[in-house]
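Below is one structure, written out as C-alpha cells, with a few remarks after it.
Order of appearance sets the numbers: ligands from 1, and atoms from 1 within every ligand. The figures here come from the full heavy-atom set of this structure, side chains too, leaving out hydrogens, waters and symmetry mates. Quick caveat: nothing in here was measured; it's all calculated off a predicted structure.
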Amino acid sequence: MQLSQGSMAASGDDDMADLVISSLPLETRCPPYHLRQHGGFWFSEPFLPAVAAARARFEARPSDVLLASFPKSGTTWLKALAIATLHRADHPPRSLDHPLRRRNPHDCVETRDSGDDVLAALPSPRLLATHLPYTHVPKSVTTEGAGCKIVYVCRDPKDALVSKWLFTKKRLAFAAVDDSPPKPYTIDEMFELFCDGRCTCGPQWHHVLGYWEASRRQPEKVLFLRYEEMLRDPVGNVRKLAEFMGCAFSVEEEAAGVAEEVVELCSMDTLKNMEVNKNGTQNHVRNEAFFRKGVAGDWSNHMTPEMAARLDKIVEDALRGSGFAFGATAESA
Ligand code: A3P
C-alpha cells in the first residue's frame, strides 16, 4: 500500500493476517532492532507479530482511552497526566501513596504487550497506550461508532529526533552492560535515517498527520495535543484532557486547585525526583532515561542550522496541502 502525500485518510493496511514478515522491506541500521516496513511505516521487527495480533483480536470497550504518540514526543508525561486525571477520585494527586509515587508512568498504563488476558481483566475505564500509526491501530478502536477515545500528543520532529537519539544511546549502553561495549551511534547517522522516515513508527510527520486528520474528522473521538503547548499551558491542557475523557473538573475541584495539583504531580521535577524514576528499570532501560530536559527547542544544541533546515523542508514538502503544520497553535491548525 502506498501512502498518498499530504493525506493519510485514504490509507488502510487492511489485513495484517497474512503478513509474511521476512518479505517486508528491511532496515538494519536502526539499533536496537531491525525495522520492517508495512503500510508506509517502519516497525521494530520483533514487535510486528504483536501488532498484527492486536489488530486482529483487540476488542475495544466504549469507555477505553487510548494514549497515542510517536516515540519521544511526551508519552511519559501524557500517561502520567491521564492517570492522575482519570483516577483522581480514588487517588487524589496529593496523596502520599499515589500510584505515580510508586510506579513509573509506563508501568501504570497497559500496552498491546500486556497480553490479551491482562487487558481483558482490567476494570473500565481502561487507560491504554500505543505508538502505532493511526492506520495500524486495531479496527475495534478506530471504527466509527466505537465509543472509545484517543488522545494523541505530537512534538516538533527535530526535538523528537534529538530526544530519540539520546535515549537510544542510553538504551544501547544499558543493554551493553553485560555485553560488548555499545557501537557509537552518531546524530548524523540517526538524522539521515530519520529524514528518510526510517525509525520506529516513522516517518514521524506521517504518524502525526494520521492522527491530526482523524481528530479533524472526529473531534469527539480523537483529541490532538501538542507537547509545546502543554509546556506553555499545562493546566489548560489538563482541563482539556479531563473534559475530553468525560471527567471535567467540577467547580469545587477548580476552586480547590485540583487541576494544578495534577500538573504539579506530573511535572518533570516531581516525577524525575521520585525514587522509582531515579533508580527503577524497565526491561530495556533505566527509568531515569525517560526524564531528560523536557523543553522545546533543545534540538539546537545537537543539530546544525543546516540539518534543521533540511529536515524542516522535508517535513514541509510532505505536509504541503494537508492543512497541518508543526509549530501552529491548536486554534490555528
Ligand atoms: P527530552 O529528551 O527532549 O528531554 P517520551 O515520554 O515519549 O519517551 O518522550 C520523552 C521526552 O519527554 C523527553 O524529552 C523527556 O524529557 C520528556 N518528558 C518526560 N517527562 C516529562 C514531563 N513530566 N514533563 C515534560 N516533559 C517530559
### Amino acids in close contact with ligand 1, where any non-hydrogen atom sits under 4.0 angstrom away
Lys72, Ser73, Gly74, Thr75, Thr76, Trp77, Arg155, Ser163, Tyr227, Cys266, Ser267, Met268, Leu271, Phe290, Phe291, Arg292, Lys293, Gly294

### Task
May I ask you to say whether Asp97 pairs ionically with Arg101, meaning some side-chain N is under 4.0 Å from a carboxylate O?
no

### Query
Does a salt bridge link Arg239 with Glu253, judged by any charged N lying under 4.0 Å from a carboxylate O?
no

### Message
Between Arg29 and Glu27, does any side-chain N to carboxylate O distance fall below 4.0 Å?
### Response
yes

### Message
Quick test of your reading of the model: are Glu264 and Arg94 salt-bridged, counting only N-O distances below 4.0 Å?
### Response
no

### Query
Is a side-chain N or O of Arg36 found less than 3.5 angstrom from the main chain of Leu24, in a donor-acceptor match?
yes

### Task
Give a yes or no on whether a salt bridge exists between Asp156 and Arg226, defined as a side-chain N under 4.0 angstrom from a carboxylate O.
no

